[in-house]
Amino acid sequence: MAENDVVVIAERVVGGHPDVTFELLGKAKEIASALGGEVHCLVVGDSEGHECLGASDHLHLVEGEHLWPYNPHAWESAVSALLSELKPRLVLASTGTVGIDLCGALAAQSGAMLASYVVDLSLEGSSLVAVAQLYGGKLMAECDLGEGPAFVTAIPGSFAGLAARVDGVADPIAHGHEGAEVRMRHVALTEPEKTGVDITSEEVLVSVGRGIGGQSNIELAQELAEVLGAGLSASRPVIDQGWLPKAHQVGKSGKKVKPKVYLALGISGAPEHLEGMRQAELIIACNTDATAPIFEVAHYGTTADLFDLVPEILDLIGG
Amino acid sequence: MKIVVAMRQIADLVEELEVDASGADIDREFVKFVSNEWDEAALEEALCLKEAHGGEVVVVGVDDVDFDQTLFGALAKGADRAVKLSCGFEGWMPTAVRAEILARWLKDEAFDLVLTGVQAADDLDGQLAGVLGARLGLPHAAVVVGLEPDGEGFKVTQELGGGVTLTSHATGPLVLGIQAARQAPRYVPISRIRQAMSAGGIEEVEVEAPPARAPRVTRLFAPEAKGRAEMLGDKPSEVAARILELIRAKGVGVS
Ligand SMILES: Cc1cc2nc3c(=O)[nH]c(=O)nc-3n(C[C@H](O)[C@H](O)[C@H](O)COP(=O)(O)OP(=O)(O)OC[C@H]3O[C@@H](n4cnc5c(N)ncnc54)[C@H](O)[C@@H]3O)c2cc1C
Ligand SMILES: Nc1ncnc2c1ncn2[C@@H]1O[C@H](COP(=O)(O)O)[C@@H](O)[C@H]1O
């Protein structure tokens with residue numbers, strides 16, 4: 001029965017299908033089997049490499065001139081059309097750009113429930129219950145999505161244990177899309193510039209967040225990085241303020257790093273930052289706020305002030 | 001060009017957040033509220049566009065704790081109008097409700113762009129730009145880091161993750177969720193904010209808070225201390241020594 005089906009929106013926009021799609025497929029299978037429904041996966045635009053999406057019961061390939069490269073308005077129109085045919089109980093996407101673009105709008109259009117920043121999802125009785133990470137990861141909200149149709153955008157990595165990469169799908173279903181009403185057209189897709197800086201190859205990273213306070217203090221962190229033989233990386237606000245170039249950014253919209261040691265100075269640990277560094281072997285965090293979420297992923301932590309701590313480390317090495 | 005910037009207040013995440021007696025919301029009595037940082041980026045982008053191409057910047061939002069401060073700040077920075085939509089709502093406002101209030105007000109405003117922050121930290125039921133875009137029947141995009149007028153419409157650049165960016169052309173009006181403006185939000189001296197305050201100039205509009213479908217929060221709680229860090233104390237000299245030991249034990253960096 002369609003009303004028990006679960007749809008996963010494949011969010012591939014460049015390269016191969018991202019890990020999060022397989023995590024969503026794993027969760028979709030779990031929820032669909034509890035509901036007694038089936039899993040549909042929607043691939044929009046370029047269908048290359050769809051073979052790995054075999055965890056779905058039905059694979060829908062939506063093709064149309066406007067749909068590749070990714071075009072938010074065209075994808076919304078195409079996905080909306082398909083969802084009104086499929087009428088699923090649940091639609092899963094991630095908290096990435098595609099999920100943010102589509103899910104709020106599609107849920108609003110269809111009057112469905114939406115939960116975002118979700119890290120856990122289950123069926124309790126006949127209700128979907130989600131746990132979302134709010135306030136930059138400081139609090140979790142358990143919420144009831146009821147018995148009707150719902151959209152869920154999940155934080156990548158949350159369902160990693162369920163990731164389902166399965167090769168081979170019987171008979172993908174092709175759909176066309178006219179796109180007459182699409183009011184956006186593609187201009188350019190730009191891959192990141194290859195600069196000299198490569199924070200992904202460093203064994204040790206000294207990483208600074210907004211707690212570093214200003215451009216003039218970057219030097220202090222730079223000095224620490226030098227004596228530790230480490231690279232210097234940063235959270236997004238440091239980049240957006242122009243204190244360091246983009247190539248130094250760790251996180252969802254920056255680089256994913258996996259150093260042996262990640263020393264986080266004045267970083268709160270928002271989910272978008274954690275997405276880029278939680279795989280580091282040893283995470284040491286310095287943050288004056290004992291409730292900062294960075295301490296949830298760090299192995300060691302201190303609430304010392306970074307401006308007291310860093311000079312002490314420099315002294316110890318220097319002397 | 002008329003640009004509407006939708007702004008709001010959010011609990012200051014630098015502070016400790018406590019859960020109230022209901023167990024399903026933050027304790028709003030004691031929390032400090034600040035302007036949502038991404039809305040400040042949206043305002044900055046709007047002001048830069050106005051400076052480069054002319055036009056009008058109107059800041060609007062649903063009234064909330066200390067929202068006047070945000071509005072006066074915006075006026076001091078160069079916004080032309082500041083509008084406060086008052087409905088007496090208290091507690092956590094779902095995005096769906098906020099979008100509906102804004103949409104009803106926007107129907108009488110001719111605009112080219114609605115800019116808002118890419119997210120707010122309590123957007124449990126979705127980020128505003130998409131929900132509002134759908135409600136208004138307009139094209140929208142999130143995670144926007146570039147915006148330029150271009151012929152009949154705008155060139156919009158979004159981040160797609162991992163450093164990949166996408167530029168599209170869209171004919172307006174549009175609703176955009178701004179991730180970062182072309183420059184960091186400008187600083188405005190307190191004296192200019194005081195001037196704006198004494199000049200008044202906030203337009204207050206009484207509105208109704210419509211019902212909307214949103215998830216029902218049953219429990220708000222601090223993350224369970226699963227993998228919590230082992231704390232090294234807070235005495236800098238001792239912590240410094242421990243950190244060096246830990247790094248050396250990994251056999252990397254400093255010898
Ligand atoms: C679509 C999207 C993509 C994003 N991508 C990324 C990304 O790639 N990377 C990223 O990092 N963020 C990203 N973000 C932003 C993310 O949500 C957070 O806003 C950001 O990570 C916060 O950075 P921060 O921890 O440096 O700053 P804050 O959250 O402001 O934290 C600063 C911390 O410093 C501490 N502090 C202050 N002073 C001191 C001191 N003297 N000593 C010690 N500690 C101190 C404070 O207690 C606070 O916890 C993205 C957001 C969105 C919506
Ligand atoms: N090929 C891709 N297609 C679509 N989304 C992606 C892709 N790669 C990564 N993402 C998304 O972008 C975010 C950052 O991923 P990354 O590029 O690995 O840093 C992740 O949250 C993914 O959801």
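Numbers restart at 1 for each chain; the letters A, B, ... are given by sequence-line order, proteins then strands. Worth saying up front: this structure is predicted, and the values here are computed from it rather than measured.
Here the straight-line distance linking atom CD1 of A:Ile283 with atom CG of B:Leu246 works out to 13.0 Å at 0.5 Å rounding. Distance CG/B:Leu124 to CG/A:Leu114: 8.0 Å, rounded to 0.5 Å.
Taking 4.5 Å as the limit, every side-chain heavy atom of B:Val164 sits out of range of all side-chain heavy atoms of A:Val13. Counting heavy atoms from C-beta on, the side chains of A:Ile313 and B:Leu244 come closer than 4.5 Å.
Inspection of non-hydrogen atoms places A:Ala108, A:Gln109, A:Gly111, A:Ala112, A:Met113 of residues 106-113 of chain A under 4.5 Å from chain B.
The part of A:Ile284 that comes within reach of chain B is its side chain, from C-beta onward, which places non-hydrogen atoms under 4.5 angstrom from that chain. Heavy atoms of A:Val131 lying under 4.5 Å from chain B belong exclusively to its side chain. Neither the backbone nor the side chain of B:Val156 comes within contact range of chain A; no heavy atom of the residue lies under 4.5 Å from a heavy atom of that chain. Contacts between A:Gln249 and chain B at a heavy-atom distance below 4.5 Å are absent for every atom of the residue. If you measure heavy-atom distances from B:Ala24 to chain A, you find no contacts under 4.5 Å at all.
Under the side-chain hydrogen bond (donor to acceptor under 3.5 Å, both in side chains) criterion, B:Glu159 pairs with A:Arg236, A:Lys246, A:Ser253, sequence neighbours left out.
Each salt bridge (charged side-chain N to carboxylate O under 4.0 Å, His left out) pair with one or both residues in residues 9-24 of chain B, not counting sequence neighbours, appears once here: B:Asp12-B:Lys32.
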Please list every donor-acceptor pair under 3.5 Å in which a side-chain atom of residues 126-138 of chain B meets a protein atom from a residue at least two apart or in another chain.
| residue | atom | partner | partner atom | Å |
| --- | --- | --- | --- | --- |
| B:Gln127 | NE2 | A:Tyr117 | OH | 3.1 |
| B:Arg135 | NE | B:Glu100 | OE1 | 2.7 |
| B:Arg135 | NE | B:Glu100 | OE2 | 3.4 |
| B:Arg135 | NH2 | B:Glu100 | OE2 | 3.1 |

